[in-house]
Amino acid sequence: MSNNSSSCIVDHVPIAAVAAAKSAVYLVIFFISTLGNVLIIVVVAKNQRLRSATINRLIVSMAVADLLTSIFNMTVEISIYTKQATGQRFVWFKGPGSGFLCKIIPFIQGVSLASSVLTLTAIAVNRFFAVFFPLKMSDLSYPLTSIVIGLIWLVSVAIASPLLYAQKVIEEDCGVQCIEQWSPAFNGDTSPKIYTLMLLISLYVIPVFVITVLYTAIVRKVWKRQVPGNIIAPNRLVELLTKKRVLRMLITIVVVFALCWLPYYAYLFLNFLLLSPPHQIARVNVMFVGLFLGHANSAINPCIYVIFNKEYRSGFIGVNRTLLSTLNQASRVPLTYLNQSSLRRTQPPTEEIAMRDP
């Protein structure tokens, strides 16, 4: 996200206990997000029924974006707070690749966030057409999904691409820093604010508004479909109940997203309007809470899928059983070998043993 403030401005370094606590909570959501989103991808890839559904292909795309958030966003925060916990200041490294990583890491951070938001919007649009125009969607949804996913990632790359220019490695008094600096090509004071406002509108205000309108229409349509007194065929009733469960899951995902990112975007908006910025300590704490909640959204999403969807829940259990079985078999190999070795030492050698052992 857009942030042109240098870390050298921060004279206040958190005490070790606070920094260690921040690093610890980030480690927790990093583990949950990484494991959960990897399992989502594996479950859909192994399940033909899940893989053939348009909605699940979009969910996998969002899981990939959340996984990128874990790898490129959360690990940076963990590194920063771990260094602060040991009394060190986080500085960028020198040498080959420092400039490239300074640009590519924030760029991927921006791409992952934009992709998540746009995928949520695409899911809402997909559900809207599936409810209001089911016959057309049955013929067009699957081939269009690949195109839509490709467009989502292309647009996300375009939204984050200004960071490839703005992110620079700068030598300052406190050491080498990777910061956002828009000059000399752009105005160093107004450009970051304009870009931040653009992100606020395009990645939060407009998507949340569009998704809210679409799901409001969908809910009214689905919940009013069964008129009191009318008899619905059992297969249609099952289909209706399934759609309601899926709809509850998707609405929960959107509400959680809006709530998780609201503090951060509210801070950006207020910081954009305020003539005098807040105290640096308050600013750092508010930024931490906002970013942490936003990043935690990537860990919450897989939990929502498991809670609301039986197939994902069964898939998670199946994958975990397979992993535990594999680990159990691997752990038994040395034990079996040791038992065989022990038998060789304690029992008279048989012909078979004699043939194997010189």
Side-chain angles (χ1 to χ4, degrees), residues 1-2 53-66 68-69 109-134 136-137 140-162 194-225 243-269 272 290 293-295 297-298 300-301 304-305 308:
M1 302 302 295
S2 179
T54 301
I55 188 71
N56 292 316
R57 297 179 68 195
L58 290 169
I59 286 175
V60 166
S61 178
M62 192 162 67
V64 172
D66 287 338
L68 289 176
T69 298
Q109 291 174 350
V111 170
S112 62
L113 175 59
S115 177
S116 295
V117 177
L118 295 177
T119 303
L120 284 175
T121 308
I123 290 174
V125 173
N126 175 273
R127 292 298 88 195
F128 177 83
F129 279 98
V131 170
F132 283 88
F133 309 100
K136 292 183 179 180
M137 285 300 295
L140 298 176
S141 60
Y142 192 85
L144 279 177
T145 306
S146 299
I147 299 174
V148 170
I149 292 174
L151 287 175
I152 286 172
W153 286 93
L154 284 176
V155 172
S156 301
V157 167
I159 291 174
S161 59
I194 293 173
Y195 183 63
T196 299
L197 186 62
M198 184 271 291
L199 293 178
L200 171 65
I201 295 172
S202 62
L203 297 183
Y204 191 81
V205 176
I206 293 177
V208 169
F209 175 77
V210 171
I211 291 170
T212 301
V213 171
L214 291 176
Y215 277 129
T216 300
I218 293 170
V219 168
R220 294 185 62 183
K221 179 79 171 179
V222 171
W223 259 263
K224 289 186 177 182
R225 180 168 293 177
K243 286 184 177 180
K244 286 184 178 182
R245 285 196 296 268
V246 172
L247 194 57
R248 290 191 188 100
M249 180 186 74
L250 297 176
I251 291 175
T252 302
I253 292 171
V254 172
V255 171
V256 170
F257 167 82
L259 292 177
C260 283
W261 282 104
L262 178 61
Y264 181 73
Y265 280 110
Y267 166 78
L268 290 183
F269 181 69
F272 181 82
L293 290 176
H295 292 160
N297 180 238
S298 298
I300 296 173
N301 283 338
I304 295 175
Y305 302 142
F308 281 88

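The figures here come from the full heavy-atom set of this structure, side chains too, leaving out hydrogens, waters and symmetry mates.
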From CA spacing to verdict: side-chain contact (heavy atoms from CB on, under 4.5 Å), V117, F257: CA-CA 9 Å; V117 177; F257 167 82; 3.3 Å; yes
Verify side-chain contact (heavy atoms from CB on, under 4.5 Å) between V148 and L151, making sure each step is shown before the conclusion. CA-CA 5 Å; V148 170; L151 287 175; 5.6 Å; no
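Residues satisfying the side chain to side chain contact (heavy atoms under 4.5 Å, CB included) test with L293, not counting sequence neighbours, are P263, V289. Listed by chain and number, the residues in a side-chain hydrogen bond (donor to acceptor under 3.5 Å, both in side chains) with N297 amount to none (sequence neighbours excluded). Under the side chain to side chain contact (heavy atoms under 4.5 Å, CB included) criterion, A266 pairs with no residue at all, not counting sequence neighbours. Listed by chain and residue number, L58, S61, M62, S115, I123, I152 satisfy the side chain to side chain contact (heavy atoms under 4.5 Å, CB included) test with T119 (two or more places apart in sequence, or in another chain). Every residue was checked against the ring pair (Phe, Tyr, Trp, His ring centres under 6.0 Å) condition with F308, not counting sequence neighbours, and none meets it.
Taking each heavy atom of A217 and F132 in turn, the nearest pair found is O-CZ, 3.6 Å. Summarising the geometry of R57 relative to I149, their closest heavy-atom pair is O-CD1, 3.8 Å, with the distance given to 0.1 Å.
F133 and F129 have tilted rings, their planes meeting at an angle from 30° to 60° on a 0 to 90° scale.
We find the NZ-CZ distance between K221 and R127 to be 15.0 Å, quoted to the nearest 0.5 Å. If you take CD1 on I251 and CD1 on I218, they are separated by 7.5 Å, rounding to the nearest 0.5 Å. Note that the CD1 atom of I55 and the CE atom of M249 stand 6.5 Å from one another [nearest 0.5 Å]. Note that CG of L118 is 9.0 Å distant from CG of L113, once rounded to the nearest 0.5 Å.
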Less than 3.5 Å apart, which donor and acceptor atoms pair up between the side chains of residues 197-215 and the rest of the protein, not counting sequence neighbours?
unit_1	atom_1	unit_2	atom_2	d
S202	OG	M198	O	2.7
Y204	OH	A258	O	2.8
T212	OG1	V208	O	2.6

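Partner of I304 under the side chain to side chain contact (heavy atoms under 4.5 Å, CB included) criterion, out of I253, V255, L250: I253 alone.
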